[in-house]
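Since the structure comes first, as structure tokens, the remarks are kept for the end.
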Amino acid sequence: MTSSEHLAQLGREFHRRGWALGTSGNFSAVVSRDPLRIAITASSLDKGQLTAEQILEIDSNGSVMPPTAGKPSAETLLHVAIVRSLGAGAVLHTHSVWSTILSDYHKGQGGFFIEGYEMLKGLSGVATHEHREWIPIVENSQDMNMLSGETTRMLEENPGVHGFLIRRHGMYTWGKDLAEAARHVEILEFLLESVGRRQMMEPQY
Ligand SMILES: [Zn+2]
């Protein structure tokens, strides 16, 4: 399976799971490092119908590389920032209900911890449920230069995180390849829903 086929399949799957409804979310995978080339979803596509032909190739400035053509996702610069900061091989961005709610509820603290859950062991490098995972939250913006700069700063200040939230917007996570990044989406979405539902039972929790 090519990166484009894999990205399209993940888009359809995340749509089905309710994590990328309508045209929301965007997905990318590094094709080459030098020069940097990234396969990424085109802008404004229904993720439930995503096909491999709708995946573009971009360079480190976010410019589209022929023979692919089209408008890359509006959040392309955030994908580039994460690939450059962390050396990630794939970056996946969802707009789930729980990431939207929790990113709003906890924004005053700049993030929140998830700890004690068995499912934390699905995150790369985590071997015990006793792990304490910090989920940083950045303020939302339509200025992608500003948001990608803010993301780069946040990643420098929070080494070792596996993902972060944008307030009232959604989640970003990544991995060494698409398989690992997709696993991180499943694990983090499970954990966010668990934490969110738990806090509804006991708000101070
Ligand atoms: Zn988004």
Side-chain angles (χ1 to χ4, degrees), residues 2-15 19-20 22-45 47 50-65 68-96 99 103 124 135-156 158-159 161-167 169-186 188-189:
T2 65
S3 293
S4 296
E5 286 166 349
H6 198 172
L7 286 165
Q9 184 192 65
L10 288 172
R12 296 191 302 270
E13 168 74 5
F14 292 172
H15 178 273
W19 301 332
T23 59
S24 72
N26 34 72
F27 318 113
S28 71
V30 172
V31 176
S32 75
R33 297 255 173 213
D34 192 18
L36 185 63
R37 295 287 183 268
I38 300 175
I40 190 164
T41 40
S43 182
S44 307
L45 295 172
K47 299 305 184 297
L50 199 61
T51 65
E53 293 69 39
Q54 294 169 322
I55 307 297
L56 309 175
E57 197 168 308
I58 57 153
D59 66 8
S60 56
N61 300 314
S63 303
V64 178
M65 296 283 102
T68 63
K71 189 170 176 289
S73 159
E75 291 173 56
T76 293
L77 290 179
L78 269 81
H79 289 250
V80 174
I82 294 166
V83 165
R84 281 184 148 169
S85 296
L86 303 174
V91 179
L92 300 174
H93 169 50
T94 53
H95 284 202
S96 65
S99 64
S103 64
S124 169
I135 309 288
I137 302 168
V138 299
E139 186 56 75
N140 195 19
S141 171
Q142 300 305 314
D143 180 340
M144 289 306 145
N145 281 311
M146 200 191 83
L147 196 53
S148 63
E150 189 62 33
T151 295
T152 300
R153 250 192 316 283
M154 178 277 296
L155 291 172
E156 280 169 9
N158 296 279
V161 297
H162 293 82
F164 65 91
L165 307 184
I166 303 178
R167 185 178 178 224
H169 176 160
M171 176 183 78
Y172 271 87
T173 186
W174 48 84
K176 66 179 191 300
D177 53 26
L178 265 175
E180 186 175 274
R183 191 181 83 232
H184 285 166
V185 169
E186 288 200 355
L188 288 170
E189 290 292 357

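Fair warning: this is a prediction, and the values are worked out from it, not measured in the lab. For reference, positions follow the sequence shown, starting with 1.
When side chains are defined from C-beta on, Lys47 counts as touching Phe27, because their heavy atoms get closer than 4.5 Å. Side chains of Phe14 and Leu92 form a contact here, defined as non-hydrogen atoms less than 4.5 Å apart. Between Glu180 and Ser124, the closest side-chain pair of non-hydrogen atoms falls below 4.5 Å. Residues Arg12 and His15 are not in side-chain contact: their nearest non-hydrogen atoms beyond the backbone lie 4.5 Å or more apart.
The two atoms that bring Asn158 and Pro136 nearest to each other are CG-CG, 4.1 Å, heavy atoms only. Smallest separation of non-hydrogen atoms from Trp174 and His162: CZ2-C, 3.6 Å. What you find for Ala182 and Leu10 is that their closest heavy atoms are CB-CD2, 3.7 Å. Nearest approach of Ala39 to Ile55, heavy atoms of both residues: CB-CG2, 3.8 Å. Taking each heavy atom of Ser28 and Leu7 in turn, the nearest pair found is N-CD2, 3.6 Å. Scanning all heavy atoms of the two residues, the minimum distance from Asn26 to Ser73 falls at ND2-OG, 3.0 Å.
Within the structure, side-chain hydrogen bond (donor to acceptor under 3.5 Å, both in side chains) pairs that include any residue of residues 136-147 comprise Glu139-Arg167, Asn140-His169 (at least two apart or interchain). Evaluation of the side-chain hydrogen bond (donor to acceptor under 3.5 Å, both in side chains) test over residues 31-44, restricted to residues two or more places apart or in two chains, returns none.
Rounding to the nearest 0.5 angstrom, the gap separating the OG1 atom in Thr76 from the CD1 atom in Ile58 is 5.0 Å. Remark: Thr94 OG1 to Tyr172 OH distance equals 9.5 Å, nearest 0.5 Å. Annotation: the span from Phe164 atom CZ to Ile82 atom CD1 amounts to 4.0 Å, rounded to 0.5 Å. From Thr152, atom OG1 reaches atom CZ of Arg84 across 9.0 Å, with rounding to the nearest 0.5 Å. Taking CD of Glu75 as the start and OG1 of Thr151 as the end, the distance is 9.5 Å to the nearest 0.5 Å. Here Ile38 contributes atom CD1 and His79 contributes atom NE2; the two are 9.0 Å apart, rounded to the nearest 0.5 Å.
In terms of the side chain to side chain contact (heavy atoms under 4.5 Å, CB included) criterion, residue partners of Leu45 (sequence neighbours excluded) are, by chain and number, Ala42, Leu50, Gln54. In this structure, Glu186 has no side-chain hydrogen bond (donor to acceptor under 3.5 Å, both in side chains) partners at least two apart in sequence or on a different chain. Partners of Thr173 under the side chain to side chain contact (heavy atoms under 4.5 Å, CB included) rule, at least two apart in sequence or in another chain, are Met171, His184, Val185, Leu188. Annotation: side chain to side chain contact (heavy atoms under 4.5 Å, CB included) contacts of Ala74 (sequence neighbours excluded): none.
With hydrogens and angles ignored, the 3.5 Å screen pairs a side-chain donor or acceptor of Thr68 with a backbone N or O of Glu57. Ser63 places no side-chain N or O within 3.5 Å of a backbone atom of Asp59 that could act as its donor or acceptor partner. Side-chain atoms of Ser148 come within 3.5 Å of backbone atoms of Met144 as a donor-acceptor pair (strictly under, hydrogens ignored).
Classification of Glu156 and Arg153 as a salt-bridged pair fails, no side-chain N sitting under 4.0 Å from a carboxylate O.
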